[in-house]
Amino acid sequence: MQYWIPGTVFATLLLSGCSLWTAPETTKAQAAPTVKELAVPAGLKAPRTPAQYDIPARVAGGARGEAVELRAPMQVLAVATNARVEEDDKEVRVFFERTEFTGDLLLFLTSNITDFFTEQQIELTKTSDNSWQSGWVSEYEETGWWWWKGQSLTQQSRFKVDFEPRPHGRTVGVKVQLTEHKYADSAERITPIAQRREEVHFLNRLIDKVATVELARIQEAKSRQPDVLLTRATNDKNEAVLLTSQPLEVAWAQLELLFEHLSLEVTDLNRTDYVYYVTFTKPEAGFWSALWGEEELPVLPIAEGEYQLALSKTDKGTAIKWRDKEGNALDQATIDAIYEVVVAAIRKSKVEL
């Protein structure tokens, strides 16, 4: 009896195999019903029928599935900070604006785009002062699996790249046009939507190159700036203050980012007069900081309690006055000691103050 059940189950599986692995169902496309055109009575005009909403002729003629280009067109991605696109532009084009990080804009774009072709090992031929013709740009798809993985050529394209500098020199348009294309299957032809997709995809690669170089220049410029702009000074009342070259609005926003590092809690603020009302509580030794060997910030050399930080605009930037609860300015020695702690907090938090 102990062998009867497995044998019966195996026999049942053999007999019912065709029901376990069913063939995929096939459906037959039905012809769409046709609608007669509207008959307009004599003496009346037919309503306007914008062609932009017409069903493509191939679809109306019965083309289905792979015979129709169903994917949406790609969008030009102006990811560089100095790049923009015009909403109604029919061409595949982006506009770059000159900034302090680009210098001569036409020279900047020429250098970076030619570098892109060199890095990608794509042939580039200059056809005129502001036009280039690319060599074949190949695309591949992965084939096979595991140890037998490989790449198979799917298509190749050649592009024309045009620079369109404006007379004032502060704006340059970069336009891409597909000049030649071929699929691995020689019988296959590219559709208008697919052609635009290839042009946009290639232009986006050029924009990404420009954006990467631009970002590197911005970071380099920021690294050359002094990390701390804050200094010690006295105001016209001979009161000790902290002075930053940042504008009042910037100093107001940046100062708030330091409060957590300084163990200050904002209890109120006067946005009109630019005054922060804060409470200082001496921090306890950080367990996790000690565990990971992180260096703790020095503590403000003031007693626990309530204080006021009043900001005011000066001809040299923004003055920050420290006052006690009653509004009296702190003395010079205290401000000098506070300055050292605030500078350490600025360097750690990397705020621009």
Side-chain angles (χ1 to χ4, degrees), residues 101 215-353:
F101 305 106
L215 179 60
R217 288 194 176 188
I218 293 173
Q219 292 175 335
E220 182 184 0
K222 291 187 67 175
S223 67
R224 291 197 301 264
Q225 294 178 352
D227 57 345
V228 177
L229 305 175
L230 199 68
T231 59
R232 288 164 288 189
T234 54
N235 59 16
D236 53 0
K237 297 180 181 179
N238 204 30
E239 296 171 327
V241 297
L242 300 180
L243 181 66
T244 175
S245 58
Q246 293 282 24
L248 181 59
E249 292 290 343
V250 175
W252 172 266
Q254 294 293 306
L255 184 61
E256 187 175 2
L257 302 177
L258 291 178
F259 289 155
E260 182 178 355
H261 296 282
L262 298 173
S263 301
L264 297 173
E265 181 183 357
V266 178
T267 56
D268 198 2
L269 57 85
N270 184 333
R271 189 67 173 77
T272 303
D273 295 332
Y274 293 94
V275 180
Y276 281 112
Y277 298 88
V278 299
T279 299
F280 171 65
T281 304
K282 289 187 178 180
E284 299 179 358
F287 171 76
W288 293 110
S289 298
L291 181 64
W292 296 109
E294 294 182 1
E295 184 179 354
E296 292 190 4
L297 286 172
V299 180
L300 286 172
I302 53 177
E304 292 186 337
E306 299 178 10
Y307 294 88
Q308 303 172 14
L309 276 70
L311 283 68
S312 59
K313 184 177 180 181
T314 73
D315 57 346
K316 295 182 180 180
T318 302
I320 306 172
K321 183 194 298 185
W322 287 66
R323 304 188 300 212
D324 60 19
K325 182 179 179 180
E326 286 72 29
N328 301 314
L330 301 187
D331 59 76
Q332 182 71 61
T334 303
I335 294 299
D336 289 343
I338 288 175
Y339 171 78
E340 300 298 334
V341 179
V342 174
V343 166
I346 290 174
R347 289 199 172 109
K348 183 169 185 178
S349 58
K350 295 181 173 62
V351 300
E352 297 178 1
L353 191 64

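We number each residue from 1, following the sequence as shown. Treat the numbers as computed from the prediction; the structure is a model and nothing was measured.
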Extract all donor-acceptor atom pairs below 3.5 Å that involve side chains of residues 231-241 and protein atoms in other chains or at least two apart in sequence.
{"from": "Thr231", "atom 1": "OG1", "to": "Leu243", "atom 2": "O", "distance (Å)": "3.3"}
{"from": "Asn235", "atom 1": "OD1", "to": "Lys237", "atom 2": "N", "distance (Å)": "3.0"}
{"from": "Asn235", "atom 1": "OD1", "to": "Asn238", "atom 2": "N", "distance (Å)": "3.1"}
{"from": "Asn235", "atom 1": "OD1", "to": "Glu239", "atom 2": "N", "distance (Å)": "2.7"}
{"from": "Asn235", "atom 1": "ND2", "to": "Glu239", "atom 2": "OE1", "distance (Å)": "2.9"}
{"from": "Glu239", "atom 1": "OE1", "to": "Lys321", "atom 2": "NZ", "distance (Å)": "2.8"}

Item to complete: Mind listing the closest non-hydrogen atom pair of Leu300 and Trp322 along with its distance?
Response: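 It is CD1-CH2, 4.2 Å.
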
Worksheet entry | Ala319 versus Thr314, closest heavy-atom pair with distance |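 The pair with the smallest heavy-atom distance is CB-CG2, 3.8 Å.
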
Is it true that a side-chain atom of [X] and a backbone atom of [Y] form a donor plus acceptor pair closer than 3.5 Å?
X      : Y      : value
Gln254 : Val351 : no
Asp331 : Ala333 : yes
Glu304 : Lys282 : yes
Thr318 : Gln246 : yes

Worksheet item: With sequence neighbours left out, what residues match Glu249 under salt bridge (charged side-chain N to carboxylate O under 4.0 Å, His left out)?
Response: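 Listed in chain order: Arg271.
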
Worksheet item: Residues two or more places apart in sequence or in another chain: which of them pass salt bridge (charged side-chain N to carboxylate O under 4.0 Å, His left out) with Glu260?
Response: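 So Glu260 forms no salt bridge (charged side-chain N to carboxylate O under 4.0 Å, His left out) with any residue.
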
Taking atom [atom1] of [X] and atom [atom2] of [Y], what is their separation to the nearest 0.5 Å?
X      : Y      : atom1 : atom2 : result
Thr244 : Lys316 : OG1   : NZ    : 13.0 Å
Leu255 : Leu258 : CG    : CG    : 6.0 Å
Leu264 : Phe280 : CG    : CZ    : 7.0 Å
Leu257 : Ser349 : CG    : OG    : 7.0 Å

Discussion item. Can you tell me if Gln332 has over 12 outside heavy atoms packed within less than 6.0 Å of its CD?
Written reply: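 Yes, CD of Gln332 has more than 12 neighbouring heavy atoms, counting only those of other groups under 6.0 Å.
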
Discussion item. Enumerate the ring-ring contact (aromatic ring centres under 6.0 Å, His included) contacts for residues 227-260, please, sequence neighbours excluded, ordered by first and then second residue.
Written reply: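 Counting only pairs at least two positions apart or across chains, the ring-ring contact (aromatic ring centres under 6.0 Å, His included) contacts touching residues 227-260 are Trp252-Tyr274, Trp252-Tyr276, Phe259-Tyr276.
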
Item to complete: Show your working on side-chain contact (heavy atoms from CB on, under 4.5 Å) between Leu229 and Leu353 and close with a plain yes or no.
Response: CA-CA 5 Å; Leu229 305 175; Leu353 191 64; over 6 Å; no

Could you pull out every donor-acceptor pair under 3.5 Å between side chains of residues 338-347 and any protein atom, sequence neighbours left out?
{"from": "Tyr339", "atom 1": "OH", "to": "Leu230", "atom 2": "O", "distance (Å)": "3.0"}
{"from": "Arg347", "atom 1": "NE", "to": "Asp227", "atom 2": "OD2", "distance (Å)": "2.9"}

Using atom types as modelled, flag every donor-acceptor pair under 3.5 Å from a side chain in residues 305-312 to any protein atom, sequence neighbours excluded.
{"from": "Tyr307", "atom 1": "OH", "to": "Ala303", "atom 2": "N", "distance (Å)": "3.4"}
{"from": "Tyr307", "atom 1": "OH", "to": "Ala303", "atom 2": "O", "distance (Å)": "2.6"}
{"from": "Gln308", "atom 1": "OE1", "to": "Arg323", "atom 2": "NE", "distance (Å)": "3.1"}
{"from": "Gln308", "atom 1": "OE1", "to": "Arg323", "atom 2": "NH2", "distance (Å)": "3.0"}
{"from": "Gln308", "atom 1": "NE2", "to": "Lys325", "atom 2": "O", "distance (Å)": "3.1"}

